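Every number for a ligand or one of its atoms is a count from 1 in the order of the listing. Quantities reported herein were computed from a predicted structural model and do not represent experimental measurements.
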Amino acid sequence: MPTLPAQHPWNAHDTAHSALVSAYRGERPSRQPVWFMRQAGRSLPEYRQLREGTTMLDSCLRPDMAAEITLQPVRRHDVDAAIFFSDIVIPMRLAGIEVEIHPGRGPVLERAIRSEEDIIALENSDPDAFEEALAPIREAVALTVAELGTTPLIGFCGAPFTVASYLVEGGPSREYLYTKSLMFSRPDLWGRLASWVADRSGRFLRAQVEAGASAVQLFDSWAGGLSLEDYLGYVQQYSAAVFDHIRELPIPRVHFGVNTSELLVAMRDAGATVMGVDHRLPLDEASRRLGGGTPLQGNLDPAMLFASEQARAEAVRIVLERGRSAPGHVFNLGHGVPKEADPLVLTELVSLVHELGVQA
Ligand code: CP3
């Protein structure tokens with residue numbers, strides 16, 4: 001198996017044996033690892049202050065800023081991993097697509113991408129120019145891991161269905177009507193678009209790994225809008241193509257979606273080594289569906305951050321207990337930290353997970 005360079009944190013800081021990576025490998029480390037999706041961002045006052053006057057996507061492309069924002073929750077909460085501060089639409093922006101994040105809404109395009117001409121234009125864009133445009137990403141990751149030391153950095157990207165849904169709809173969507181219509185009526189065109197997105201997202205992911213990430217997570221947040229049959233027929237192969245960009249490297253590959261209880265096995269079979277589970281499915285049932293051999297990540301309901309301390313502690317205990325039915329378990333929320341969350345509650349939650357995680 002090809003290895004990572006000597007200076008990569010995997011070797012230089014032995015992140016290969018961190019609590020996070022051990023649990024991702026199916027082991028039971030002495031410290032129960034925990035991190036949160038969207039741990040960086042608007043729940044933190046230091047983030048809101050730093051971001052003032054800079055747009056979301058611009059802040060992702062300023063290496064010093066992206067590194068600092070990535071580190072903020074690690075310093076504050078004592079989580080067992082950092083997740084690189086960026087966005088699933090950053091590769092699209094770097095490929096020349098005009099996209100902005102509208103606060104409270106999400107990614108919005110200047111012009112939706114739906115026609116054959118639109119897709120041909122994407123196919124004609126230069127992959128070498130794209131690799132060069134990834135320079136600020138590599139630089140931000142390098143700055144981040146230099147500060148993180150033994151704490152692993154998780155790299156990520158969006159899966160083709162979720163990213164393409166923003167491109168085809170032109171913005172956030174509930175029903176994915178234009179995306180599904182392209183899929184069902186022009187499967188050839190859909191396949192070309194999904195392949196192109198998989199290539200650029202895969203290169204973005206690989207750049208993060210080469211620059212120092214010790215695990216990756218593929219977000220197919222909106223795949224839960226698909227039936228299992230349609231996922232298998234139109235989506236799985238393109239998510240597998242993203243994983244292909246890093247498949248030969250020894251690092252863990254997490255795959256996560258919302259409302260994807262019926263797709264868990266198919267998503268694992270796209271090439272994940274760990275499954276992220278949202279809060280709708282108990283972890284013991286998730287493990288059973290996966291045949292008992294797949295390490296899991298998840299899955300406290302984010303709403304528990306707003307519940308009483310007592311209700312939250314009981315829910316944490318149950319998640320940890322059910323997580324023991326899988327070969328390895330990394331504690332997380334069932335989806336991202338809401339912007340209204342109290343950062344003090346998050347810090348206390350981390351310490352509770354560490355405390356309860358070693359009992360048992
Ligand atoms: O801490 C982390 O988890 C790392 C950073 C991260 C961001 N986006 C930063 C961000 C990650 C992993 C993402 C991935 C992402 N982006 C996903 C998949 C994960 C998920 O939430 O399901 C999706 C669907 C997107 C697209 C997107 N970007 C949405 C829906 C939004 C929210 C819009 C809003 O205002 O509610 C964004 C913006 C975004 N990405 C923010 C952050 C911190 C908030 C923007 C801000 O601070 O102004």
Before signing off on this row, confirm whether [X] and ligand 1 have an N or O atom pair separated by under 3.5 Å.
{"X": "Arg42", "value": "yes"}
{"X": "Trp35", "value": "no"}
{"X": "Pro103", "value": "no"}
{"X": "Gly104", "value": "yes"}
{"X": "Trp222", "value": "no"}
{"X": "Arg38", "value": "yes"}

Can you confirm whether [X] sits close enough to [Y] that some side-chain heavy atom of one is under 4.5 Å from a side-chain heavy atom of the other?
{"X": "Leu349", "Y": "Leu300", "value": "yes"}
{"X": "Tyr176", "Y": "Val168", "value": "no"}
{"X": "Arg93", "Y": "Asp58", "value": "yes"}

Min over Ile88, Ile69, Ile101, Asp278 of heavy-atom distance to atom 14 (C) of ligand 1 lands on Ile88
If you measure from the Lys or Arg side-chain nitrogens to the Asp or Glu carboxylate oxygens, is any gap between Arg206 and Asp244 under 4.0 Å? no
Are any of the side-chain nitrogens in Glu46 or Arg76 under 4.0 Å away from the carboxylate oxygens of its partner? yes
Specify the closest pair of heavy atoms between Asp87 and Pro107, including all atoms of both residues, with the distance to one decimal. OD2-CG, 4.4 Å
What is the nearest protein non-hydrogen atom to [atom], stated with its residue, atom name and distance?
{"atom": "atom 11 (C) of ligand 1", "value": "Phe156 CZ, 3.6 Å"}
{"atom": "atom 21 (O) of ligand 1", "value": "His335 NE2, 3.3 Å"}
{"atom": "atom 47 (O) of ligand 1", "value": "Tyr47 OH, 2.5 Å"}
{"atom": "atom 42 (C) of ligand 1", "value": "Met56 CE, 3.8 Å"}
{"atom": "atom 8 (N) of ligand 1", "value": "Asp87 OD1, 3.1 Å"}
{"atom": "atom 46 (C) of ligand 1", "value": "Arg51 NH1, 3.2 Å"}
{"atom": "atom 43 (C) of ligand 1", "value": "Phe85 CE1, 3.7 Å"}

For [X], does the [atom1] atom sit with more than 12 other heavy atoms under 6.0 Å from it, leaving out its own atoms?
{"X": "Gln49", "atom1": "CD", "result": "no"}
{"X": "Glu309", "atom1": "CD", "result": "no"}
{"X": "Arg48", "atom1": "CZ", "result": "yes"}

Give the numbers and elements of all ligand 1 atoms closer than 4.0 Å to a heavy atom of [X].
{"X": "Ser221", "result": "18 (C), 19 (C), 20 (C), 22 (O)"}
{"X": "Phe219", "result": "12 (C), 18 (C), 19 (C)"}
{"X": "Ser86", "result": "5 (C), 6 (C), 7 (C), 8 (N), 9 (C)"}
{"X": "Tyr166", "result": "24 (C), 26 (C), 30 (C)"}
{"X": "Pro107", "result": "26 (C), 27 (C), 29 (C)"}

Tyr234 and Phe184: aromatic ring centres closer than 6.0 Å? yes
Within 45° of the six-membered ring axis of Phe130 and under 6.0 Å from that ring's centre, is NZ or CZ of Arg203 located there? no
Location of contacts on [X] toward ligand 1, heavy atoms closer than 4.0 Å:
{"X": "Lys339", "value": "neither"}
{"X": "Phe84", "value": "backbone"}
{"X": "Gln217", "value": "neither"}

Between the side chains of Ser115 and Asp118, is a donor N or O closer than 3.5 angstrom to an acceptor N or O? yes
Tyr166 versus Trp222, side-chain donor and acceptor atoms under 3.5 Å: yes
